[in-house]
Novice: 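Below: one structure in structure tokens.
The analysis underlying the following values was restricted to heavy atoms, covering all of them including side chains, and did not include hydrogens, waters or symmetry mates.
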Amino acid sequence: MTLYIGENLKKQRKLKELTQEQLADILGVSFQSISKWERGEGYPDIEMLPTIAEYFGITADELIGMNNVREAADAEKILEQQKENLSKGLIRENIELLAEAVKVHPNNYELLTQYAMNLSFLAVGYQSEEYRQNNRKAARIAERILAECTDTKIRNRVQAELCSYYQNSGEATKALEAADKLPSMYHGSELIKMNIFKGEDLVRMTQWNIRHLANVFCQCLQRLADMDGQNDTGYTWEQKIEIYRKAIAMFDIVFDKGDYNDCFHNLSFLHRDISIMAMRAGNFGLALENLEKAAEYAAEMDGLPDVKPHVSLLVNKLEYNSAHNGKNFSDTTCKMLLKHLPDSVFDGIRDDPRFKTVEKFLKEHIK
């Protein structure tokens, strides 16, 4: 349990306009003791607490900061609940939970950070007005946090998230301005720690970086391919498919034993997208082949246990844990893929026996 004696002692001393030396004389202790207590490097003897509290005209509970302790415990319970909801894709439930929480704890910046993130994460259609409004609200919350919060870790995270909030609400110029305030990827904590750690810590940190950067590399390739044609990258359908294949090949390198774990989800969607691009390119055979793969990986994802270690050489110190995964959907991967099959893009293969087999397979694997 965190006690708040140091900061409360310092606050009360300054209200009385006392120096640390003056307070030390009053309490009959050394100046070093007062300095140590205020820095949080130790606490007064329990017998002294009533005396200190009496001198300042407050209760011992106020000196210890029991209100702060109780508020912190309440906030921690809320954060644990939102984390559990996030692992299940219950984003609207989180927004309701956190909206009430920040009314009770308006200056808890971790709660505010999670509230903004969940607002932005809600899947309501990227072009919808609700989506833009949610991100505008998230941006205003983030701006307040950056104006008031002194916690460096929270500030760094919120500064990064603010870029997305601006972008998602249609404020691209502000997004770029916010991004310019962030360090480059080479100055990130994880890469720096990798150069500091040794032994087991080095292995775990490096493997975590490999695992994380695999996802980043996949996102880079997806942006480069520009499957929906929104950013005019200029690639043909065949070139876009080839770019996607390189993303799949990258996952095969990292997870050479087939232990993709939560990356089964990525692979399912990569193969689904290739099938869509193949349909647009008129290659029905390739579309069916990748649709079958997408269904296979979707079932693998949905069949994962709550915890599963990796065994591939590059990630064999890591494990998949469903409780650590956040998502903005409650459907299974199979159900999400099945929802795409009625799209008109698949009309050319809808009557093919292989297409019907995929439909049947997905229905049988929906949990």
Side-chain angles (χ1 to χ4, degrees), residues 2 40 76 79-80 82-84 86-88 109-111 113-114 116-118 120-121 142 145-146 149-164 178-224 246-270 297 300-301 304-328:
T2 301
E76 190 59 35
L79 289 168
E80 283 298 316
Q82 82 85 31
K83 185 178 178 182
E84 182 181 343
L86 191 60
S87 72
K88 299 175 181 176
Y109 297 113
E110 185 60 39
L111 287 174
T113 298
Q114 294 302 325
M117 186 275 289
N118 277 274
S120 177
F121 206 36
I145 293 170
L146 291 171
C149 179
T150 58
D151 186 304
T152 302
K153 191 172 182 179
I154 291 177
R155 288 180 59 83
N156 288 343
R157 186 164 86 246
V158 170
Q159 183 67 44
E161 290 170 351
L162 182 58
C163 302
S164 295
D180 284 338
K181 296 178 182 179
L182 293 167
S184 73
M185 62 184 292
Y186 300 105
H187 298 144
S189 167
E190 292 81 7
L191 292 181
I192 291 173
K193 285 179 182 177
M194 185 176 68
N195 294 322
I196 297 172
F197 285 156
K198 297 183 183 299
E200 187 74 9
D201 289 336
L202 168 62
V203 173
R204 287 185 179 278
M205 188 77 262
T206 304
Q207 289 195 358
W208 189 93
N209 283 339
I210 291 169
R211 170 71 180 76
H212 178 66
L213 290 172
N215 275 334
V216 173
F217 186 54
C218 177
Q219 291 171 25
C220 288
L221 292 176
Q222 288 175 297
R223 292 290 292 172
L224 183 65
K246 293 184 185 302
I248 293 168
M250 177 270 305
F251 281 120
D252 289 338
I253 290 171
V254 175
F255 306 104
D256 59 287
K257 301 294 185 185
D259 52 328
Y260 303 104
N261 292 354
D262 54 322
C263 287
F264 277 123
H265 183 83
N266 303 65
L267 287 165
S268 177
F269 279 71
L270 287 169
Y297 286 138
E300 291 280 4
M301 180 66 210
L304 283 176
D306 288 339
V307 178
K308 186 178 180 182
H310 285 283
V311 294
S312 294
L313 181 62
L314 298 182
V315 289
N316 61 4
K317 300 296 182 182
L318 308 179
E319 68 176 18
Y320 161 75
N321 189 321
S322 62
H324 297 160
N325 278 17
K327 58 182 185 178
N328 63 344

Novice: Are more than 12 heavy atoms from other residues, nucleotides or ligands located less than 6.0 Å from atom CG of D180?
Specialist: yes
Novice: Tell me, do L270 and Y297 make a side-chain contact under 4.5 Å, heavy atoms counted?
Specialist: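 No, their side chains stay 4.5 Å or more apart.
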Novice: Would you mind reporting whether T206 and F197 have side-chain heavy atoms less than 4.5 Å apart?
Specialist: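 No, their side chains stay 4.5 Å or more apart.
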Novice: Please answer whether the main-chain N or O of K317 pairs with a side-chain N or O of Q207 as donor and acceptor at a distance below 3.5 Å.
Specialist: yes
Novice: Over all heavy atoms of both residues, which pair between R204 and L318 is shortest? Give the atoms and the distance, please.
Specialist: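 Taking every non-hydrogen atom into account, O-CD2, 4.1 Å.
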Novice: Is D151 salt-bridged to R157, going by a charged N under 4.0 Å from an acidic O?
Specialist: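 Salt bridge absent between D151 and R157.
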Novice: Would you give the length of the straight line joining atom CH2 of W208 to atom CG of L213, rounded to the nearest 0.5 angstrom?
Specialist: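 So the gap between those two atoms works out to 8.0 Å.
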Novice: Please give me the minimum heavy-atom distance between S312 and G258, naming the atom from each residue.
Specialist: OG-N, 4.4 Å
Novice: Distance check, rounded to the nearest 0.5 Å: C149 atom SG versus E110 atom CD?
Specialist: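 One finds 9.0 Å between SG of C149 and CD of E110.
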Novice: Rounded to the nearest 0.5 Å, what separation is found between the NZ atom of K308 and the CG atom of D262?
Specialist: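 One gets 11.0 Å once the value is rounded to the nearest 0.5 Å.
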Novice: With sequence neighbours excluded, tell me which residues meet salt bridge (Lys or Arg N to Asp or Glu O under 4.0 Å) with R155.
Specialist: none
Novice: Nearest 0.5 Å, what's the CG-CD1 distance between L162 and I145?
Specialist: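 Spacing of CG (L162) from CD1 (I145) equals 9.5 Å.
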Novice: Any non-hydrogen side-chain atom of E161 less than 4.5 Å from a side-chain atom of T113?
Specialist: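 With C-beta onward as the side chain, the pair touches.
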Novice: Could you tell me if S268 and H265 have a donor-acceptor pair between their side chains, going purely by distance under 3.5 Å?
Specialist: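 No, because no side-chain N or O of H265 sits under 3.5 Å from a partner of the opposite role on S268.
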Novice: Just do the side chain to side chain contact (heavy atoms under 4.5 Å, CB included) check on L146 and Y109 with the steps written out, would you?
Specialist: CA-CA 10 Å; L146 291 171; Y109 297 113; over 6 Å; no
Novice: So, do E300 and L267 sit near enough that their side-chain heavy atoms are less than 4.5 Å apart?
Specialist: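 In short, these two side chains do not touch, never coming nearer than 4.5 Å.
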Novice: To the closest 0.5 Å, what do you measure between CG (N209) and NE2 (H212)?
Specialist: 8.0 Å
Novice: Which heavy-atom pair separates L221 from K246 by the least distance, and what is that distance?
Specialist: CD1-C, 3.9 Å
Novice: Check step by step if side chain to side chain contact (heavy atoms under 4.5 Å, CB included) holds for Y320 and D259.
Specialist: CA-CA 10 Å; Y320 161 75; D259 52 328; over 6 Å; no
Novice: Measure the spacing between CD of Q114 and CD of Q82 and express it to the nearest 0.5 Å.
Specialist: 4.0 Å
Novice: Give me the atom names and distance for the closest heavy-atom approach of M250 to F217.
Specialist: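 Closest approach of M250 to F217, heavy atoms only: CG-CD2, 3.4 Å.
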Novice: Please report the closest heavy-atom contact between L314 and I210, naming both atoms and the distance.
Specialist: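 Closest pair (atom of L314, atom of I210, distance): O-CD1, 4.1 Å.
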Novice: Could you tell me whether the side chain of E190 reaches within less than 4.5 Å of the side chain of K193, counting heavy atoms only?
Specialist: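 With C-beta onward as the side chain, the pair stays apart.
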Novice: For the residue pair P309 and N261, what are the closest heavy atoms and their distance?
Specialist: O-ND2, 3.8 Å
Novice: Just by distance, do the side chain of S87 and the backbone of E84 share a donor-acceptor pair under 3.5 Å?
Specialist: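 Checked: pair present.
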